[in-house]
Asks: 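Below you will find the structure I want to go over with you.
Quick note: numbers below take in every heavy atom, side chains included, and nothing from hydrogens, waters or symmetry partners. The shown structure was predicted, so the numbers you read here are calculated from the model rather than taken from an experiment.
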Amino acid sequence: MTEIENQVELAIGMNRISEEGRPKGPVPVNFGIVIFPGFQALDAFGPLDALNTLSLYFPMKLSILAETLNPVSTMSYPSRIGSDFGQSINPTHTFASPPPLDVLLVPGGIGAMDPKIQSAIDFVAKVYPSLQYLITVCNGAGIAARGGVLDGKKATTNKMRWWPETTQREQVKWVGHARWVVDGNIWSSSGVSAGLDAVFAFIAAIYGEEAAERVANILEYERHQDPQWDPYAKLFGLPM
């Protein structure tokens, strides 16, 4: 083993999940994330980093899905003040040729408001019936909602964008005051950083509380564990 492999094994050993704390049945293996121009970096990379760390303990595979295989940037349009500041990610698969998926993560961002991302909306709607779980972050819920996936279900979304997002699909049972919401196999979170708390709650529910605690400690992240903790609903004027 290389020195870095030894260090990783040492870190895992110091934070090992006990046999009692491991899930008793099978857990998801094949994860995917939908990306589009203008996706919000933390919506995607926050949950992904928690899952990256989880993959040290459980066999997992990640696929990055987009309309084409060209790099996709967090910038969706030219800056009005001359900024050139964004990150790009390389897709592994197109929406037309996805691999088998157990869990799909749908981030939000400025680009989620762009009517040009219809291919992402169509893909989420098409693949949802075959998924074990769907996780939306921020106004990524709007992508799932516009595809009809959230009809009749409880869900939440970004509070600063609450009214524009929720009025697009009134068939959804939108929950205003929530850090995250679970309805069946759909996990939806509030804005941006809330995706981290939602994915930690997902890890705790599916892989066990001990796994969630281990991953949080490695990332030095203090979880919000109350799904109704939501100071931003009040900040942005949502009714109780």
Asks: To the nearest 0.5 Å, how far apart are CD1 in Ile110 and CZ in Arg161?
Replies: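 Going from the CD1 atom of Ile110 to the CZ atom of Arg161 covers 9.5 Å.
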Asks: Taking the side chain as every heavy atom from C-beta outward, state whether Leu150 and Arg169 have any atom pair closer than 4.5 Å.
Replies: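 No, too far: nothing below the 4.5 Å cut-off.
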Asks: Crowded around Glu209 CD? As in, over 12 foreign heavy atoms under 6.0 Å?
Replies: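 For Glu209, atom CD is crowded (more than 12 foreign heavy atoms under 6.0 Å).
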Asks: Side chains of Leu101 and Pro99, heavy atoms from C-beta outward: is any pair under 4.5 Å?
Replies: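 The answer is yes, as the side chains (C-beta and beyond) meet within the 4.5 Å cut-off.
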Asks: Ser55 side chain to Asn52 main-chain N or O, any donor-acceptor pair under 3.5 Å?
Replies: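 Checking the backbone N and O of Asn52 against the side chain of Ser55, a donor-acceptor pair under 3.5 Å is found.
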Asks: If we only count heavy atoms from C-beta on, is the Ser190 to Thr157 side-chain gap below 4.5 Å?
Replies: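 Side chain of Ser190 against side chain of Thr157, heavy atoms only: no contact under 4.5 Å found.
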Asks: Given the rule in the side chain to side chain contact (heavy atoms under 4.5 Å, CB included) test, do Glu67 and Val72 qualify, once you have shown the distances and angles that lead to the verdict?
Replies: CA-CA 9 Å; Glu67 186 170 20; Val72 180; over 6 Å; no
Asks: Side chain of Lys61, backbone of Gly32: donor and acceptor closer than 3.5 Å?
Replies: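 Absent.
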Asks: Tell me whether Glu210 contacts the main-chain N or O of Ser18 through its side chain, where contact means a donor paired with an acceptor under 3.5 Å.
Replies: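 Judged by distance alone, yes, a pair lies under 3.5 Å.
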Asks: For the residue pair Trp162 and Val175, what are the closest heavy atoms and their distance?
Replies: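 Reported closest heavy-atom pair: CH2-O, 3.2 Å.
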Asks: When rounded to the nearest 0.5 angstrom, what is the spacing between CG in Leu48 and OG1 in Thr53?
Replies: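 It comes to 10.5 Å.
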Asks: How close do Lys153 and Tyr128 get, counting heavy atoms only, and between which atoms?
Replies: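 What the structure gives for the nearest pair is CE-OH, 3.9 Å.
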Asks: Can you confirm whether Arg146 sits close enough to Gln168 that some side-chain heavy atom of one is under 4.5 Å from a side-chain heavy atom of the other?
Replies: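 Yes; the side chains approach each other to less than 4.5 Å.
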Asks: Is there a path of hydrophobic side-chain contacts, each under 4.5 Å between heavy atoms of I/L/V/M/F/W/Y residues, joining Phe39 to Val192?
Replies: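 No; Phe39 is not reachable from Val192 via cluster members.
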Asks: Would you indicate whether the side-chain heavy atoms of Val149 and Ile186 approach each other to under 4.5 Å?
Replies: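 In contact.
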Asks: Test side-chain hydrogen bond (donor to acceptor under 3.5 Å, both in side chains) on Thr74 and Gln40 and set out the steps.
Replies: CA-CA 6 Å; Thr74 55; Gln40 182 75 26; over 6 Å; no
Asks: For Tyr221 and Asp49, what are the C-alpha separation, side-chain angles and deciding distance, and is it a side-chain hydrogen bond (donor to acceptor under 3.5 Å, both in side chains)?
Replies: CA-CA 11 Å; Tyr221 180 74; Asp49 206 18; over 6 Å; no
Asks: Between Asn30 and Asp102, is there a donor-acceptor pair closer than 3.5 Å when you use the side chain of the first and the backbone of the second?
Replies: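 Absent.
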Asks: Verify the cluster assignment for Trp174 and Trp163: are they in a single hydrophobic cluster under the rule of side-chain heavy atoms below 4.5 Å apart?
Replies: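 As far as the 4.5 Å side-chain criterion goes, Trp163 and Trp174 are connected within one cluster.
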Asks: Could you report the tightest heavy-atom contact between Asp226 and Arg179, atom names first, then the distance?
Replies: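 Nearest heavy atoms, Asp226 then Arg179: O-CB, 4.1 Å.
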Asks: Quick one: side chain to side chain contact (heavy atoms under 4.5 Å, CB included) partners of Ala198, sequence neighbours excluded?
Replies: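 With neighbours one apart ignored, the set is Trp180, Ser189.
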Asks: Nearest 0.5 Å, please: how far is CG in Leu65 from OG in Ser119?
Replies: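 Ser119 OG to Leu65 CG: 11.0 Å, rounded to 0.5 Å.
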Asks: Hey, what's the ring geometry for Phe123 with Phe95, parallel, tilted or perpendicular (30° and 60° as the breaks)?
Replies: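 Because their plane-to-plane angle is under 30°, the rings of Phe123 and Phe95 count as parallel.
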Asks: Measuring from Lys173:NZ to Thr166:OG1, what's the distance to the nearest 0.5 Å?
Replies: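 Between Lys173 NZ and Thr166 OG1, I get 16.0 Å after rounding to 0.5 Å.
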Asks: Could you walk me through whether Phe85 and Gln87 pass the side chain to side chain contact (heavy atoms under 4.5 Å, CB included) check?
Replies: CA-CA 7 Å; Phe85 199 100; Gln87 304 81 43; 4.0 Å; yes
Asks: Would a 4.5 Å heavy-atom cut-off, applied to side chains only, mark Phe31 and Tyr133 as touching?
Replies: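 SC-SC contact between Phe31 and Tyr133 ruled out.
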Asks: Please identify each residue that fulfils ring-ring contact (aromatic ring centres under 6.0 Å, His included) with His177, with sequence neighbours left out.
Replies: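 For His177, no residue satisfies ring-ring contact (aromatic ring centres under 6.0 Å, His included) once neighbours in sequence are set aside.
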Asks: List the atom of Pro28, the atom of Gln132, and the distance in Å for their closest heavy-atom pair.
Replies: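 In terms of heavy atoms, the two residues are closest at CG-OE1, 3.7 Å.
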Asks: Work out which heavy atom in Gly82 is nearest to a heavy atom in Ser79; give both atom names and the distance.
Replies: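 Gly82 and Ser79 have their closest heavy atoms at N-OG, 3.3 Å.
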Asks: Side chain to side chain contact (heavy atoms under 4.5 Å, CB included) with Ile64: which of Val34, Asn90, Ile33?
Replies: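 Of all the options given, the one that passes is Ile33.
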Asks: If we only count heavy atoms from C-beta on, is the Leu104 to Val106 side-chain gap below 4.5 Å?
Replies: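 They are in side-chain contact.
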Asks: How many angstroms lie between atom CD of Glu222 and atom CG of Leu196, to the nearest 0.5 angstrom?
Replies: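 One gets 13.0 Å once the value is rounded to the nearest 0.5 Å.
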Asks: Looking at residues at least two apart in the chain, or sitting in another chain, which of them share a ring-ring contact (aromatic ring centres under 6.0 Å, His included) with Trp229?
Replies: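 Trp229 satisfies ring-ring contact (aromatic ring centres under 6.0 Å, His included) with His224 once adjacent residues are dropped.
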Asks: Here's one to test your reading of the geometry: is the NZ or CZ of Arg214 within 45 degrees of the ring axis of Tyr207 and under 6.0 Å from its centre?
Replies: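 Arg214 over Tyr207 ring: no.
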Asks: Which is it for Val137 and Leu105 under the side chain to side chain contact (heavy atoms under 4.5 Å, CB included) test, yes or no, and what are the steps along the way?
Replies: CA-CA 8 Å; Val137 181; Leu105 175 68; 3.8 Å; yes
Asks: Do any N or O atoms from the side chain of Asn139 and from the backbone of Gly109 form a donor-acceptor pair under 3.5 angstrom?
Replies: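 A pair under 3.5 Å: yes.
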Asks: Are Leu134 and Val29 connected in the hydrophobic side-chain network, where two residues link if heavy atoms are under 4.5 Å apart?
Replies: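 No; Val29 is not reachable from Leu134 via cluster members.
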Asks: Okay, side chain of Asp230, backbone of Ala233: is any donor-acceptor separation there less than 3.5 Å?
Replies: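 The answer is yes, because a donor-acceptor pair under 3.5 Å joins these two groups.
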Asks: CD of Glu170 to CG of Asp151: how many Å apart, nearest 0.5 Å?
Replies: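 Nearest 0.5 Å value for the CD-CG distance: 11.5 Å.
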Asks: Do Ile218 and Val215 come within less than 4.5 Å of each other through their side chains, counting heavy atoms only?
Replies: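 No, every pair of side-chain atoms sits at 4.5 Å or beyond.
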Asks: For Phe36 and Gly108, which heavy atoms make the closest approach, and how far apart are they?
Replies: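 Shortest heavy-atom separation between Phe36 and Gly108 comes out as CZ-O, 3.8 Å.
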Asks: Kindly say whether Cys138 contributes a backbone atom to a donor-acceptor pair with the side chain of Asn158 at under 3.5 angstrom?
Replies: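 Such a contact is absent between Asn158 side chain and Cys138 backbone.
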Asks: Please report the C-alpha distance between Trp187 and Thr136 in whole Å, then the side-chain angles of each, then the deciding distance to 0.1 Å, and finally whether the side chain to side chain contact (heavy atoms under 4.5 Å, CB included) criterion is met.
Replies: CA-CA 6 Å; Trp187 299 63; Thr136 70; over 6 Å; no
Asks: Atom CE of residue position Met60 - does it have more than 12 heavy atoms of other residues, nucleotides or ligands inside 6.0 Å?
Replies: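 Yes, enclosed.
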Asks: Between Leu238 and Leu235, is there a shared hydrophobic cluster once you connect ILVMFWY residues whose side-chain heavy atoms come closer than 4.5 Å?
Replies: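 Same hydrophobic cluster.
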Asks: Check whether Ile89 and Ile117 end up in the same hydrophobic cluster, where Ile, Leu, Val, Met, Phe, Trp and Tyr are linked by side-chain heavy atoms less than 4.5 Å apart.
Replies: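 Yes, one cluster joins them.
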